[in-house]
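Note sheet for the following structure.
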Amino acid sequence: MRPLAPEFYARPVLEVARELIGCSVCHDRVSGVIVETEAYHDSEPACHAFVGLTPRTEPLFGEPGRAYVYRSYGIHAMLNAVCEPPGIGAAVLIRALQPCAGLEQMRARRTGPGGRVPADGELCSGPGKLTQALAIELSDNRTSLSSGPVRIHARTAEWRDPAIRTGVRIGISRAVELPWRFWLAENRHVSRPRP
DNA sequence: CATGGGATTGACT
DNA sequence: GTCAATCCCATGC
């Protein structure tokens, strides 16, 4: 199984967001199939890159096919795939995975201090959950998704032609009307099945 | 240099 | 349904 090449990401971010559904994220032999994504583009105010080129947003304007990882609410790491040619600030947020390999490691990493072990459907059903389950951290920011520690692989035959739903993005306060969220229909690992 | 606001989650009422 | 945890960094004085 080969990782997606950088050229895959050097296209309109909405296309990439849709086509990443069914692909898989792998880190350290722990992996899952992408079942939910959101697109962000510097032309709209929900995107970090909307403010222009700053130290924080520099990866978004850089090479497509790299990871953009940032900390959210002081707690969670968010994994994005940088898209479009350099100079355009755009990325796909990976919001949920269907666990594929390394389920035991995921459970261990996602088990809280209380000792409560999440069910399979809760292991990676959110952007903060999946980075915790795969141990993706801020240090993975800017690394290549084709040749770095975190890799994204093309759809296997099993995931060819997935049934994709679209809706508005979650958790944002601006550009709330854009239907730039994509998820796999009827999949229980999606963070919020209903729009 | 001080401030404020998150692309969230889990615990609790 | 409400709410706090907690850190990076953009913004403004």
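Order of the sequence lines sets the chain letters (A, B, ...), proteins ahead of strands, with each chain counted from 1. All values below come from the heavy atoms of this structure, side chains included, with hydrogens, waters and symmetry mates left out.
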Closest to the 5' end of DNA chain B, once A:Gly74 and A:Gly126 are matched to their nearest nucleotides, is A:Gly74
Hey, which of these two, A:Leu138 or A:His76, hits DNA chain C nearer its 5' end, going by closest nucleotide? A:His76
Check every atom of C:dT6, B:dA7, B:dG10 against the side chain of A:Lys129 and return the nucleotide holding the closest atom. B:dG10
Please report the distance, rounded to the nearest Å, between CZ in A:Phe50 and P in B:dG6. 14 Å
Quickly work out the A:Ile75 CD1 to B:dA7 P distance and round it to whole Å. 14 Å
Taking B:dG10, B:dA7, C:dC8 as options, the one with an atom nearest any side-chain atom of A:Cys47 is B:dA7
At under 4.0 Å, does any side-chain N or O of A:Arg110 touch on OP1 or OP2 of B:dG10? yes
Does A:Arg11 make a cation-pi contact with A:Phe8, if we ask for NZ or CZ under 6.0 Å from the ring centre and within 45° of the axis? yes
Under a 3.5 Å limit on both distances, the Watson-Crick or wobble mate of B:dA7 is none
Reckon A:Thr54 has a side-chain N or O less than 4.0 Å from the OP1 or OP2 of C:dA10? yes
If you assign A:Gly112 and A:Gly171 each to the DNA chain B nucleotide with the nearest heavy atom, which residue ends up on the more 5' nucleotide? A:Gly171
From B:dA7, C:dT6, C:dT11, pick the nucleotide closest to the side chain of A:Ile172? B:dA7
Within this structure, what is the CZ-to-C1' distance between A:Arg71 and C:dA10, rounded to whole angstrom? 18 Å
Among B:dA7, B:dG10, C:dT11, the nucleotide that comes nearest once only the side chain of A:Leu93 is considered: B:dA7
Within this structure, what is the CG-to-P distance between A:Leu20 and B:dA7, rounded to whole angstrom? 20 Å
Just wondering, do A:Tyr73 and C:dA5 stack (centres under 5.5 Å, planes under 30°)? no
Side-chain ion pair, A:Glu36 and A:Arg192, N-O less than 4.0 Å: no
Any carboxylate oxygen within less than 4.0 angstrom of a Lys/Arg side-chain nitrogen, looking at A:Glu44 and A:Arg169? yes
Would you classify A:Arg169 as touching base, sugar-phosphate or nothing, given that sugar-phosphate means primed atoms plus P, OP1 and OP2, and contacts are heavy atoms under 4.0 Å? nothing
What's A:Arg116 touching, base or sugar-phosphate or nothing? Going by heavy atoms closer than 4.0 Å. nothing
Categorize A:Arg174 for me: base, sugar-phosphate, or nothing, with a 4.0 angstrom heavy-atom threshold over every strand shown. nothing
Within the structure, does a side-chain N or O atom of A:Arg181 lie under 4.0 Å from either OP1 or OP2 of B:dA7? no
Check for me, please, whether A:Ile34 and A:Phe182 land in the same ILVMFWY cluster - side-chain distances under 4.5 Å, paths through other members count. yes
State the NE2-CG distance between A:His27 and A:Leu79, to the nearest 0.5 angstrom. 10.5 Å
For C:dT6, give the paired nucleotide (Watson-Crick: N1-N3 plus N6-O4 or O6-N4; G-U: N1-O2 and O6-N3; both under 3.5 Å), or none. none
